[in-house]
Structure formats: structure tokens, C-alpha cells
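See below for the structure under consideration.
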Protein chains: 2
Amino acid sequence: MNRFSLNQATTKRWPLDELVAGCVSAGVPAVGLWREEVAAYGLDKAATLVREAGLQVSSLCRGGFFHEEDWYDNNRRAIEEAATLGTDTLVLVSGGLPGKSRDIDGARRHISEAIGALVPDARAAGVRLAIEPLHPMFCSDRCVVATLGQALEIAAPHPADAVGVCLDTYHLWWDDQVWRHIDEAGRQGRIAAFQLADWITPLPAGVLLGRGLPGTGCVDLRRFATAVRAAGYEGYVEVEVFHEDVWSRPGPEVLAEAYAGYRAFAA
Amino acid sequence: MNRFSLNQATTKRWPLDELVAGCVSAGVPAVGLWREEVAAYGLDKAATLVREAGLQVSSLCRGGFFHEEDWYDNNRRAIEEAATLGTDTLVLVSGGLPGKSRDIDGARRHISEAIGALVPDARAAGVRLAIEPLHPMFCSDRCVVATLGQALEIAAPHPADAVGVCLDTYHLWWDDQVWRHIDEAGRQGRIAAFQLADWITPLPAGVLLGRGLPGTGCVDLRRFATAVRAAGYEGYVEVEVFHEDVWSRPGPEVLAEAYAGYRAFAA
């Protein structure tokens, strides 16, 4: 069974209509979309495009950024956009420390409260909030949720069909506790998304665009795919890479390499 | 009581004799030294210089790098150098994944074995091995020991006066488990060194030279200093920063700012 999904960020400069055509032509069943790119194309137009192509939308990236002032309205919009696109999964990058704050516990409490406030909207829209722990190098400016253990703690007060977790190998591979947390996430039925990317060095300035295509780095991707499957996850496996060198290559070529990575490590 | 120590890496381009004179003149009681700089100056000459100036050597950086072929001989030399310099603390940066390996568990096992092999040499020389967990962004290429919890596990089989841990705020601040691990490290008598640095963004390419002077970033340094003190640690507090902007400034000015950071957050 083909559970591969191309996350749009991997081929950031591939226009959406060409990307959709390329996925259909390659036999790819699903795509992961990003709000900015969808908005630039037009939300309803994008929804029609993927639906008529017969593609599933495995997830929408991203809600979250709860350190920003307009987090509530912005996340409500994100939930609506996910519903319009026909995906049941909104990935949350929860945000960093606000302003000059040094209060990481406070930031984490705020995220818990913000997610609690959004649950009714998400349930009403049939969309699950997928808390994504980000690598600790993003802790100050993008996401104070740095481990799967923390993500599960934040999810715990809510039903599993309302709040899940997004597992991304790039963010989690260094953590020796991740295997028991994957098992736990599976037992709770909270694995909402699974993303593959490899860790390569040296990291670029700003570190955001340092992800590698599966197979180019040092992450034991097969171990992750096996653990996630053993935990009961049967959803799509997104390949999600941000890297200037990958973005500068032709979309179909990157799609083929991403798909090959999925087949090698996670099929 | 003045427990401040200037780690030499903070003022990397300040010649050692000037650094020592600057510390004496500022009333600084201790310095943390680096092997490369000591070797360039001359080991015996450096030992005489600091001893005659009345400075303590709070630690020597660094042993470790156990993924390299010559780790055993190299670390035995590092132990001897620490003893010659009159410090009882050799900081270990344990090394990353060897070659093209994806076997992080194997790398961690190798580090445990390597440290076990060095314990007799360290004890004979009166030097304690201080395992330093590094931030997870260094996991692949510099140190697969990414949390204080892991460092304590590796130290566990050995007496606390032979194998301790080095706590560095820059590497540990993101970890919500660090507080219980600091308590545990204190109960075991394993806190061998404590280093202050702040987290600032954006990170530079390669990420090694991204550390900030205390007070310039988002780490709750006072909470760390309080926790480490409450755990029974009474040794020196090193300020250790690597940053091109800091290195390009005059040594005495950086020393003054580092010392002020110590007084503000950890005195």
C-alpha cells in the first residue's frame, strides 16, 4: 500500500498546479500543503485542484506560533483552511519565547492553554491539532515544545481524536527517550502525522534550511518508520525537507528522490 | 566568595600571559584552559604561569572525541595535561557518530566503554572526567551525549570522584527534565563543572560559534545557578562563550562583561 506523501515545502518553488500534476503522474497518492503557498494560489482553487486530481491532503502546515498576538484568530483560520482543503490534520508549530522572555515554563503553559482554547473549533471543523515537537535548536524562536514527551503531556488533557502529535525524524532523532514516547503515542492513538527528513551537517546560518532528503544524512529512518508502524500508525508518510540546494532542483527530480527515500526506509 | 572563572575560549585571541595578568588585575581567582591554546603556549610554561600568578585552573577543555581513531592515547595525554596544569577536572566532549554511521545507540555504548577504559588513568592522575552533554544540534558531529540524564547514565558505573558531569547552561536550557537531573547529579556528588553562556539567535552557519555572553539571550541563568548551588555544587562558575563578535573585542572588556554576568546571575 502506497502511503507516501510529498510535503509541498520539499519542492517549495514548484508551482502548485505542476506539483499536483507531477504527483498524479508519479502515482503519488497524497500531498502535505502549506498555508502560505495555498493562500498564494487561492484556497478554494487549491482545494478544487487537489480534489479533482484525486489527491489526498495528508496535512496542512501550520498552525501554532502561540507567542504571537493574533494566535487565536490566526489558528481559527488555519483550522478552517484545513477543513476546506479536506485534510483532518493541522500541524502545530507551537511558537518560541515571546519578546525578551526567559520564562520557558510560562511559554509552555501558555501553549497548553491556547491549544485547549482551540479544541472546540477544531472538533467542530473535524480537524485534529497535531502538536509537532521541534528540534531543541528551535526552542527560543520557533517552538518551546522540544520533545515528544512534552508534546504528549500537552495533548494529554484532550481526546486523542482532537489533539495528536506530529512525528518528524529530523526533530526527534537525537532523543534516547523517543522510542518509549512513540510507543506511548501509539497506545494513546495520538500519532496524527509522520514526516521523514534526514540530518546533515554543517547546518546553514539560521539553521531552518538544513534538512536533508531521506538517505543523505545520519538518521536511522528505518528504525523510526518501523517504530511508528509498530505503534499502530497507518497514515501517510510525508517527506518534508527544507534546503536551498533541494529547492533549486527541478520538482519532478526531487519528487522522485523523495519517493525513493520513502520506499527505501518507510515503505 | 568569588567563584568566577574565565574560560579561555571566551577571549580566544587574548594571549595567555596577557589573559593571566588581566585576571589577576581584575581579582579573578580562576581560569578554564583549552588544550590547543595551552600547547601553543607550552604546557609546562603555562602551568608555571598560572601557578605563579596564584590562579586556579577550574577545568581543562577538552578530552573526549571518542569517535576518533586515536581516542585512547589522546585522552591519556589530556589527563596528564590536566594534572600538569593543576586542575582536577577534564571536560569531555564525547564525540559524534563515526563516519557514515546511523547507529546512535552504538556510539553511546562506545563512549561508555571508552570512559570506563580511561577511569584508571584518570584516578591515578587525580583528575576527574567531566562528561558534558552538548546541545542536541551537535549530536551527529560533536557529541551524542545530548542530555544530562544520558551523561548521568554513562557516569553511573563509576565512582563520583572519578567520573562527574559538566553542566553548561547553553546546552541544557531547553530540557524540561534538567531540573530533576541537576538534583540527582548533586545527590550523587557528580557536578564537576558549571559553565554559563546564553542562547542567542540567529545561529551562525555551523552553529558552533553562536554562544552569547550571560545576559544577552533567553536562558534563565539565575534559575540554573540557584539549582546547581542547591544541589551542593560549590566549585567555580566558568563563563564560556564562543562567538566571533566576542572574540573580536579586547580581552579586558570581555572579561569585565563576563564577570558582570557572573555577578548578576550566579554570585
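Computed from a predicted model, the values in this text were never measured in an experiment. So you know, we letter chains A, B, ... as the sequences are listed, proteins then strands, and number each from 1.
The two residues B/H135 and A/M137 come nearest to each other via the heavy atoms CE1-N, 3.3 Å. Residues B/W174 and A/T147 come closest through the heavy atom pair CZ3-CG2, 4.0 Å. Here the closest heavy-atom approach between residue A/G206 and residue B/P202 is recorded as CA-CB, 4.5 Å.
Applying the side-chain hydrogen bond (donor to acceptor under 3.5 Å, both in side chains) criterion to B/R102, with sequence neighbours excluded, gives A/D198. With sequence neighbours excluded, the residues satisfying side-chain hydrogen bond (donor to acceptor under 3.5 Å, both in side chains) with B/R223 are A/D105.
The CH2 atom of A/W199 sits 11.5 Å away from the CG atom of B/L97 when rounded to the nearest 0.5 Å. The line from OG of B/S140 to CD1 of A/I200 is 10.0 Å long, rounded to the nearest 0.5 Å. Between atom CD of residue B/Q150 and atom CG of residue A/D176 there is a gap of 4.0 Å, rounded to the nearest 0.5 Å.
Between chain B and the options A/D175, A/L208, A/T201, heavy-atom pairs under 4.5 Å are most frequent for A/T201. Counting heavy-atom pairs closer than 4.5 Å to chain B, the top residue among A/A205, A/C139, A/P136 is A/P136.
The part of A/P204 that comes within reach of chain B is its backbone (N, CA, C, O), which places non-hydrogen atoms under 4.5 angstrom from that chain. In this structure, chain B has heavy atoms under 4.5 Å from both the backbone and the side chain of A/L203. Residue contact with chain B, scored on non-hydrogen atoms closer than 4.5 Å, involves the backbone of A/S101 exclusively. At a 4.5 Å heavy-atom cutoff, the contact between B/D141 and chain A is made by side-chain atoms alone.
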